[in-house]
Amino acid sequence: MQIRLYELRKINGLTQEELAKKMNISVVSFRNKELGKSEFTQDEMFFLSNFFNKSVDEIFSPRK
């Protein structure tokens, strides 16, 4: 089952600011990535996968 990053973040009670800090990136950068205006790096995708205990595919695969 695919779940969007926004949904994962909300389910876990995290703000964009909190998650950006954990990823060591700016809030603006995180916001743009979450909105699809820029792309996550592979390292960021793997970090989020591990952080949320979901596969990269579950978080980042295109929705049908």
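Here the structure is a predicted model, which means the values were calculated and not measured.
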Would you give the length of the straight line joining atom OG of Ser26 to atom CZ of Arg31, rounded to the nearest 0.5 angstrom?
9.0 Å
With sequence neighbours excluded, tell me which residues meet side-chain contact (heavy atoms from CB on, under 4.5 Å) with Glu18.
Leu14, Thr15
Inter-residue atom distance Lys54.NZ - Leu5.CG, 0.5 Å rounding:
12.5 Å
Would the number of heavy atoms belonging to other residues, nucleotides or ligands and lying under 6.0 Å from CG of Asn50 be above 12?
yes
Which atom names give the shortest non-hydrogen contact between Ser38 and Ser29, and what distance separates them?
OG-O, 4.3 Å
Joint hydrophobic cluster, Met23 plus Tyr6, side-chain heavy atoms closer than 4.5 Å
no
Once you round to the nearest 0.5 Å, how far does CD of Gln16 lie from NZ of Lys10?
7.5 Å
Please tell me whether Val56 and Leu19 are part of a single hydrophobic cluster in this structure, the criterion being side-chain heavy atoms less than 4.5 Å apart.
yes
Gap between atom CZ of Phe30 and atom CZ of Phe40 - 0.5 Å precision
5.0 Å
What pairs meet the salt bridge (charged side-chain N to carboxylate O under 4.0 Å, His left out) rule with one or both residues in residues 33-43, with sequence neighbours excluded?
Arg9-Glu34, Lys33-Glu44
Looking only at heavy atoms, which two atoms of Ile59 and Leu48 are closest? And how far apart?
CD1-O, 3.9 Å
